[in-house]
Amino acid sequence: MEDLIKRAAQDLAEAKNVAALTGAGISVESGIPPFRGKGGLWEKIDPMEYAHIDAFMRDPVKVWNVLIKEMKDIVDQAQPNAAHKGLVRLEKLGKLKTIITQNVDGLHQLAGSTDVIEFHGNFAWQRCMDCDRRLKTRNVDMSQIPPHCECGGIFRPDCVFFGELIPPQHLSRSQLAAAQCDVMLVIGTSAVVQPASYIPVISKEAGARVIEINPERTPLTGAVSDYLITGKAGEVTGRIVAELERLL
Ligand code: APR
């Protein structure tokens, strides 16, 4: 792994415009379980039963009780880890411009990253299904499930459920960032959910170097990524940034 760390630091030293696509794996070391693989949330509950917009519309109480309250408990106490902080350092070094995250935990912003596209929305806000009023998740009264807005409508997380579109402005800005970068860091994603997993393909086709950080291979490995650094996001990202600072 040492030589790949050095290679990534070299690639970043030469880069002018780095972008990153992150997934649940970058937040695992912050105590947030991934969706797939060992310990994954979807191993315990069926995403089509609890994370699909049709399931929510059919039975919001079930989705609030099983998915949303669990997510709230987990996200409320999570803190950024060395990987989130490493990306903040890359931004301060003038390398990283935009993070496209599939995560809804807000940890990139909490760590200090300033340009984060929340591809699947975020869990910090709830939105009324009738009047569109937004309320911070931590300020929502959970004593009544599902929580109701003053207008009588029910609140839903400001996340993108399965069966829903990516907010068009996030999709277009992500595609542009992917097409304009010269290095795309792909950190902690299983790369199985579209259209997010197509983002690195756009970068590759635009001539960027694609670097994967993941303990495991993904469909991008060997097909789109120039190389995979096998390891945990916190450790690997921290070591790459430390090596980069020696080069600069
Ligand atoms: N460091 C880096 N990567 C890790 C770590 C770690 N410590 N631990 C696990 N991983 C990797 C796993 O190997 C896997 O490839 O993180 C990835 C997690 O994959 P998923 O759980 O599928 O997460 P993600 O790719 O973000 O899922 C995409 O699917 O369910 C939807 O909306 C949800 O945004 C999510 C989307």
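One is the number of the first residue; the rest follow in order along the sequence. Order of appearance sets the numbers: ligands from 1, and atoms from 1 within every ligand. Note that the coordinates shown come from a computational prediction; the quantities given were computed from them, not determined experimentally.
- Pairs of residues two or more places apart, or lying in two chains, that qualify as side chain to side chain donor-acceptor pair (under 3.5 Å) and include a residue from residues 176-191 are Gln102-Thr189.
- In terms of protein heavy-atom proximity, atom 7 (N) of ligand 1 is nearest to Glu29 OE1, 3.1 Å.
- Among protein heavy atoms, the minimum distance from atom 8 (N) of ligand 1 is reached at Val28 CG2, 3.7 Å.
- Remark: Lys62 is positioned above the aromatic ring of Tyr50, its terminal NZ or CZ atom under 6.0 angstrom from the ring centre and at most 45 degrees off the axis.
- The contact set between ligand 1 and Gly23, taken as ligand atoms under 4.0 Å from a residue heavy atom, comprises 26 (O).
- Within ligand 1, counting atoms from 1 as listed, the ones closer than 4.0 Å to a heavy atom of Pro215 are 2 (C), 3 (N), 4 (C), 5 (C), 10 (N).
- Every atom of ligand 1 is numbered from 1 in the order shown, and the set under 4.0 Å from a heavy atom of Phe162 is 30 (O), 31 (C).
- Of the charged side-chain nitrogens involved, at least one lies within less than 4.0 Å of a carboxylate oxygen, so that Arg156 and Glu164 count as a salt-bridged pair.
- For a threshold of 3.5 Å applied to N or O pairs, the pair formed by Gly188 and ligand 1 contains at least one separation below that value.
- Pairing each heavy atom of Phe123 with each of Met71, the nearest pair is CZ-CB, 3.6 Å.
- The environment of CG in Leu248 is crowded: more than 12 heavy-atom neighbours from other residues, nucleotides or ligands sit within 6.0 Å.
- Listed by number with element, the atoms of ligand 1 under 4.0 Å from a non-hydrogen atom of Asn214 are 11 (C), 12 (C), 13 (O), 14 (C), 15 (O).
- Within 6.0 Å of atom NZ in Lys95, more than 12 heavy atoms from other residues, nucleotides or ligands are found, so the atom counts as buried in its surroundings.
- Of the listed options Lys232, Lys38, Gln102, Arg36, Arg36 places a heavy atom closest to atom 27 (O) of ligand 1.
- With respect to atom 25 (O) of ligand 1, the closest heavy atom belonging to the protein is Thr189 OG1, 2.7 Å.
- At under 3.5 Å, a nitrogen or oxygen of His120, whether backbone or side chain, sits near a nitrogen or oxygen of ligand 1.
- Geometrically, ligand 1 and Gly231 share no nitrogen or oxygen pair separated by less than 3.5 Å.
- Among all non-hydrogen protein atoms, the one lying nearest atom 21 (O) of ligand 1 is Phe35 N, 2.6 Å.
- Numbered from 1 in the order shown, with element, the atoms of ligand 1 that lie under 4.0 Å from a heavy atom of Trp42 read 30 (O).
- Here the options are Thr98, Thr101, Ile117, the test is side-chain contact (heavy atoms from CB on, under 4.5 Å), and the partner is Ser174; only Ile117 passes.
- Closest to atom 5 (C) of ligand 1, if we only count protein heavy atoms, is Gly25 O, 3.5 Å.
- No more than 12 heavy atoms of other residues, nucleotides or ligands sit less than 6.0 Å from atom CE of Met57.
- Cys181 contributes atom SG, which lies 7.5 Å from atom CD1 of Ile100 (distance to the nearest 0.5 angstrom).
- Here's the thing with Ala24: one of its N/O atoms is less than 3.5 angstrom from an N/O atom of ligand 1.
- When each atom of ligand 1 is checked for a heavy atom of Ala233 under 4.0 Å away, the hits are 1 (N), 2 (C), 6 (C).
- In this structure Phe35 satisfies the ring-ring contact (aromatic ring centres under 6.0 Å, His included) test together with Trp42, sequence neighbours excluded.
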